[in-house]
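A quick write-up on the structure given underneath.
Just so you know, residue 1 is the first one in the sequence shown, and it goes up from there. Predicted, not measured: the structure shown is a model, and the values here were computed from it.
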Amino acid sequence: SGLTSDHLKRALADESAGVREQALLLAEGRLMPSPDVADAAMPLAHDSDPRVRFQWALSASFAPERAVRPLVELALRDAGDRWLRAAVLCSCQNPENLFLTELLSTPAPQSKDVAALHVEVGRLVGASAPKTVLNDVVKRIVTSQVDFDRRAALLAGFGEAVRKRYPRAPSGSLFASIFVSTHADM
């Protein structure tokens, strides 16, 4: 009589990583409408198997608001895996909103991998944020409480993407004006 929510929940908790990975694929269409399936899937963001975590990152796009915190935690945990970082960023919807807010409020170790993640998030935000919120995004990054290296990496990626979006702007003037507009004392 077909695949039921109970079947999916059992498969998502199976001892075999391959079964859990495939269960995530099968559950994607039910993550939003079925809270019990989503409840069973969310812990797989912290699965011991990297393939399960990778598939979870891709499947998380089917429950975007619920998956924001686990996506950030996963991205920071596995920052050294560029494919996992890509999967996480593929699942980010409106990254300038919830994902960026969560990233800016989550502690992270200092490493080149975490810096690379922040550059990529900055690029994604700079490339996708509506023009009307660019100043606000810069202000949120600059005034956040995260360490300087993380803010600098976010701004570097953001600036790179904004320069590509607006190639006719005089060199540096758009980014400089955004920065200056966030500092009343300048």
Side-chain angles (χ1 to χ4, degrees), residues 2-129 141 146-147 149-150 153-154 156-158 160-161:
L3 187 62
T4 67
S5 291
D6 286 336
H7 292 135
L8 287 171
K9 290 188 297 186
R10 278 196 305 275
L12 289 165
D14 196 271
E15 66 182 42
S16 168
V19 171
R20 293 191 306 276
E21 179 184 357
Q22 293 304 307
L24 282 165
L25 281 166
L26 294 170
E28 287 178 344
R30 297 189 192 181
L31 292 178
M32 283 291 281
S34 181
D36 58 328
V37 173
D39 287 344
M42 288 301 139
L44 296 180
H46 304 287
D47 197 272
S48 61
D49 187 270
R51 289 178 55 122
V52 172
R53 292 192 308 272
F54 178 79
Q55 183 55 54
W56 184 90
L58 293 171
S59 298
S61 66
F62 289 87
E65 289 184 16
R66 189 163 183 190
V68 172
R69 178 179 269 298
L71 277 169
V72 168
E73 291 169 351
L74 180 58
L76 291 169
R77 172 193 170 165
D78 290 325
D81 182 340
R82 69 183 177 120
W83 294 108
L84 191 116
R85 289 193 317 254
V88 165
L89 296 179
C90 284
S91 287
C92 290
Q93 297 179 11
N94 300 319
E96 73 279 0
N97 290 327
L98 298 175
F99 189 84
L100 181 61
T101 299
E102 191 65 38
L103 184 65
L104 290 172
S105 67
T106 304
Q110 287 189 341
S111 72
K112 66 178 179 60
D113 296 328
V114 169
L117 167 68
H118 282 70
V119 169
E120 290 169 5
V121 170
R123 282 187 195 126
L124 180 63
V125 171
S128 64
I141 294 169
V146 300
D147 65 74
D149 291 341
R150 288 175 65 191
L154 281 165
F158 180 84
E160 179 184 321

Shortest non-hydrogen contact from M32 toward A63 | SD-CA, 3.8 Å
What's the shortest heavy-atom distance between H118 and A153, and which atoms?
-> CB-CB, 3.7 Å
Side chain to side chain contact (heavy atoms under 4.5 Å, CB included) with R51: which residues, sequence neighbours excluded?
-> E21, D49
Name all residues meeting the side chain to side chain contact (heavy atoms under 4.5 Å, CB included) criterion together with T106; count only those two or more places apart in sequence or in a different chain, and write none if there are none.
-> R69, V72, L76, E102
Does H46 use its side chain to pair, donor to acceptor, with the backbone of P43 at less than 3.5 Å?
-> no
Atom of G29, atom of F62 and distance for their closest heavy-atom approach = N-CD2, 4.5 Å
Between atom CG of L12 and atom CG of L44, what is the distance when rounded to the nearest 0.5 Å?
-> 5.5 Å
To the nearest 0.5 angstrom, please state how far the CD atom of Q110 sits from the CG atom of D147.
-> 4.5 Å
Identify the residue among L98, L71, V121, V68 that makes a side-chain contact (heavy atoms from CB on, under 4.5 Å) with L103.
-> V121
Kindly say whether L24 contributes a backbone atom to a donor-acceptor pair with the side chain of W56 at under 3.5 angstrom?
-> no
Could you state the interatomic distance from CG (D113) to CG (L117), rounded to the nearest 0.5 Å?
-> 9.5 Å
Could you tell me which residues satisfy side chain to side chain contact (heavy atoms under 4.5 Å, CB included) with L58, sequence neighbours excluded, listed by chain and number?
-> F54, Q55, A87
Could you tell me which non-hydrogen atom of D36 sits nearest to which non-hydrogen atom of S5, and how far apart they are?
-> OD2-CB, 3.8 Å
Calculate, to the nearest 0.5 Å, the distance between atoms CZ and CG belonging to R53 and D81 respectively.
-> 8.0 Å
Within the side chain of R20, is there an N or O that forms a donor-acceptor pair under 3.5 Å with the backbone of A13?
-> no
Can you find a heavy atom in the side chain of P50 that is under 4.5 Å from one in the side chain of D78?
-> no
Between L104 and V146, which heavy-atom pair has the shortest distance, and what is it?
-> O-CG1, 3.0 Å
Rounded to the nearest 0.5 Å, what separation is found between the OG atom of S111 and the CG atom of D149?
-> 10.5 Å
Closest non-hydrogen atoms of A11 and V19, given as atom of the first, atom of the second and distance, are O-CG1, 3.7 Å
Under 3.5 Å: donor-acceptor pair, side chain of S91, backbone of A57 | yes
Compare all side-chain heavy atoms of V88 with those of E120 and state whether any distance is below 4.5 angstrom.
-> no
Please round to the nearest 0.5 Å and tell me the distance separating atom NZ of K9 and atom OG1 of T4.
-> 8.5 Å
Does some side-chain heavy atom of I141 sit less than 4.5 Å from a side-chain heavy atom of V125?
-> no
